[in-house]
Number of protein chains: 2
Amino acid sequence: MKPKLTLKKIAKELDVSISTVSKALRDSPEIGEETREKIKAFAKHYNYKPNNIALSLKNRKTKTIGIIIPEIVHHFFTTVISGVEKVANEMGYNVLVCLSDNSFDKEVLNMEMLANGSTDGFILSLAKETMQKGDYHHLIEAINQGMPLVLFDRVVEDISCDKVIIDDVTGGKKAVQYLVDIGCKKIALISTVDYVSVGKLRTKGYKDALEENGISVNEDLILKIEEMEDSEAEIEQFLKEKDVDGVFAVNEHFAISAIKTIQEQGKKVPDDVSVIGFTDGELSKRFIPSLTTVSQHGMRIGEESARLLIEKLERTPSEEEYYKTIIVETGLVTRNSTKSKK
Amino acid sequence: MKPKLTLKKIAKELDVSISTVSKALRDSPEIGEETREKIKAFAKHYNYKPNNIALSLKNRKTKTIGIIIPEIVHHFFTTVISGVEKVANEMGYNVLVCLSDNSFDKEVLNMEMLANGSTDGFILSLAKETMQKGDYHHLIEAINQGMPLVLFDRVVEDISCDKVIIDDVTGGKKAVQYLVDIGCKKIALISTVDYVSVGKLRTKGYKDALEENGISVNEDLILKIEEMEDSEAEIEQFLKEKDVDGVFAVNEHFAISAIKTIQEQGKKVPDDVSVIGFTDGELSKRFIPSLTTVSQHGMRIGEESARLLIEKLERTPSEEEYYKTIIVETGLVTRNSTKSKK
DNA sequence: TACTACAACGAAAACGTTTTCGTGTTGAAA
DNA sequence: TTTCAACACGAAAACGTTTTCGTTGTAGTA
């Protein structure tokens, strides 16, 4: 086990000073050609690589960005990570991934860990608990300390920073409009509680679409689910009591639970009831019937977030502050859980 | 934007030396009580947190571990990450996640990046291309430099390091034995090419089980798939030609493609053909019919890997080298894609 | 008084870099 | 011979810590 080669060791071995070695390796014209070549050859031969930590300390940049997500076992978030990783790597950055487990405390802890020099900036999607509490002091603190922050997906209005979101309202509208277009009259909504911003916004899209088509909103056809755990039972209960011909669910799981319930009641999807989900995951694609969904392009979201963050990081401090919000448009992927358009 | 507080600034502010501040904050008895309290109060009030980078440089440990996986958009790997993250955090470590995209070059690049001080050790699952090439010089180099390495899932015999694997042979055997038990006679195998070690091992399990039950192995009933992309077509082609009553697929995707094909041929799952997959993902659970699978506990694998690595990291160098291989046992989760046992 | 002992603190090195600012050696111009 | 660039290199500071080893000042002892 040979310890890592350092400038100091090279200097000693070649009987020159540390500064000479450093300069030679960085092709400084200060160093004579002969010496330079000798040093470079030596370094190459013994595979010298500068120590990142020392560089970080010197430059006061770590060249790594931290991403904190509520949960990783979730297709959408992994595609986002994938996107972040891709552009980060292209720009010479590393990615530190932390999980908040949807817990406020873990989110704060993670941020504190990363803020002490481990990371140049953050990409973050808020924990459910954080949104519920409405306590964002940790975000504000990070920003005050000069750490750029990009919020994605689960964002919050009153923090001034870059944001990358999808247009949930329009996404929801598209879905419901499609249901209307294929002839659905009694369209149910299965959503989450309102403090999860996406639930709220998609609900708005649902209502908007109905109103635009002259259909009055029936609160009776709206189910708001608090706990993921008992979602299946709640959905079953809900759908049993209603007579609907279309369902818009704000995520894959709800959509699939809905389909199961509907089928168990002896009705057919899509012949009797059409179902549309949100988030285009593996599940939607391979479920039978495969799911028509509003697709949010996680990869794109990740890419845009990383680009936004790195832009801030590499901007000269003289340039003035400004914050962007990028809206990544949604698509509607039509598959077999909806009747075809006439 | 206030810059970060440092020992130096505290020292200046309180008109003492840097060493005094450092010692006071670490509760050294060298410092008089009065001074100590004053310094601690100041630090607390202005929320001083030591700079991780400086600590890393000083201690020559980063307290972060790197995990390199072939792809993140894959339920199994995310559960592994989740497990790693969990125990890493408990032990005060951060997790750097890198993606190799199944590319040899990216894997090497990632390791080089992380090896230069960013990370104290590695957790790694080999890229497909790496296994194909059989080139492991980057692993050996890392080990030689004194970086502990834990290989998981896709491991390779001839590297001496800690390993965490599942017993693929036994896993495969369990699945096929189950098929035999429920009365299947003509059992097909849908596997990957042999250089993917898991494919090879699960194939061995398949053959072993057949032989133990006195059924001769028919190579005609074995399909080896090279490219994920055209797997669906290949499976369709394959199953169309064969007459089988049981299918063992080495992953979820193959299993689901098989079910689709079977259903399209007008046969019923599980009544006419029983299907078992490998890896217990979201897909298996929610697919209709839900999939009977061999479950590999990704979370457990991640936890064990992290534990193994951290153990190595915190071991005093005097203790002698030894390498463990932990085998995480598989389970068989029976659902609706197989007939019930009589 | 002269010494010792201890308490309380500071200086400096070290981790591995980069960079600024010398400094000594050349060769050529005056 | 002197003077002055240009050249080639080295010393040292800085990034933010921790830690070893002084260095004070004071009190206690003989």
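Naming convention: chains lettered A, B, ... in sequence-line order (proteins, then strands); numbering from 1 in each chain. These numbers were taken from a predicted model, which means no experiment stands behind them. All heavy atoms count here, side chains included; hydrogens, waters and symmetry mates do not.
Side-chain polar atoms of B:E107 and B:H138 form a donor-acceptor pair below 3.5 angstrom. For the residue pair B:S82 / B:T79, no side-chain donor-acceptor distance below 3.5 Å is found, with atom types taken as modelled.
Note on B:K9: every side-chain N or O is 4.0 Å or more away from OP1 and OP2 of D:dG16. In this model, the phosphate group of C:dT19 is approached by a side-chain N or O of A:R26 to a distance below 4.0 Å at OP1 or OP2. At least one side-chain nitrogen or oxygen of B:S22 sits closer than 4.0 Å to the OP1 or OP2 atom of D:dT18.
Under a 3.5 Å cut-off, the side chain of A:K61 and the backbone N or O of A:L57 do not form any donor-acceptor pair.
Within 6.0 Å of the NZ atom in B:K12, the count of heavy atoms belonging to other residues, nucleotides or ligands does not exceed 12. Under a cut-off of 6.0 angstrom, the local environment of OH in A:Y323 is crowded, with over 12 non-hydrogen atoms contributed by other residues, nucleotides or ligands.
As a whole-Å value, the separation of B:D15 CG from C:dC9 P is 12 Å. Rounded to an integer number of Å, the gap from NZ of B:K12 to C1' of D:dG16 is 15 Å. Atoms NZ (A:K8) and P (D:dA12) sit 14 Å apart, rounded to a whole Å. Between B:E33 atom CD and C:dC9 atom P the separation is 11 Å, expressed in whole Å. The distance between atom CD of B:E37 and atom P of C:dA8, rounded to the nearest whole Å, is 13 Å. Taking atom CD on B:E34 and atom C1' on C:dC9, their separation rounds to 13 Å, with Å as the unit. In this entry the distance linking CZ of B:R36 with P of C:dA8 reads 9 Å, nearest Å. Atom CD1 in A:I18 sits about 12 Å away from atom P in D:dA12, given to the nearest Å.
Each of A:L7 and B:T35 was assigned the nucleotide of DNA chain C with the nearest heavy atom; the assignment lying further toward the 5' end belongs to B:T35.
Remark: A:L57, A:K58, A:R60 in residues 44-60 of chain A come within less than 4.0 Å of DNA chain D through at least one heavy atom.
Taking the ring centroids of B:H45 and B:F42, they lie at or beyond the 6.0 Å cut-off.
As judged by a 4.0 angstrom heavy-atom cut-off over every strand, A:T6 is placed among residues touching the sugar-phosphate backbone only.
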Practice item. Classify every nucleotide of nucleotides 20-27 of chain C by which part a protein heavy atom approaches to under 4.0 Å, writing B for the base, S for the sugar-phosphate alone and - for neither, in 5'-to-3' order. Key: BB------

Donor-acceptor contacts under 3.5 Å from residues 141-154 of chain B side chains, at least two apart:
| residue | atom | partner | partner atom | Å |
| --- | --- | --- | --- | --- |
| B:Q145 | OE1 | A:K4 | NZ | 3.3 |
| B:R154 | NH1 | B:N102 | OD1 | 3.1 |
| B:R154 | NH1 | B:L126 | O | 2.9 |

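With respect to A:D120 and A:K63, no salt bridge is recorded, no charged nitrogen being found less than 4.0 Å from a carboxylate O.
Residues B:H74 and B:E71 are in side-chain contact: their nearest non-hydrogen atoms beyond the backbone lie under 4.5 Å apart.
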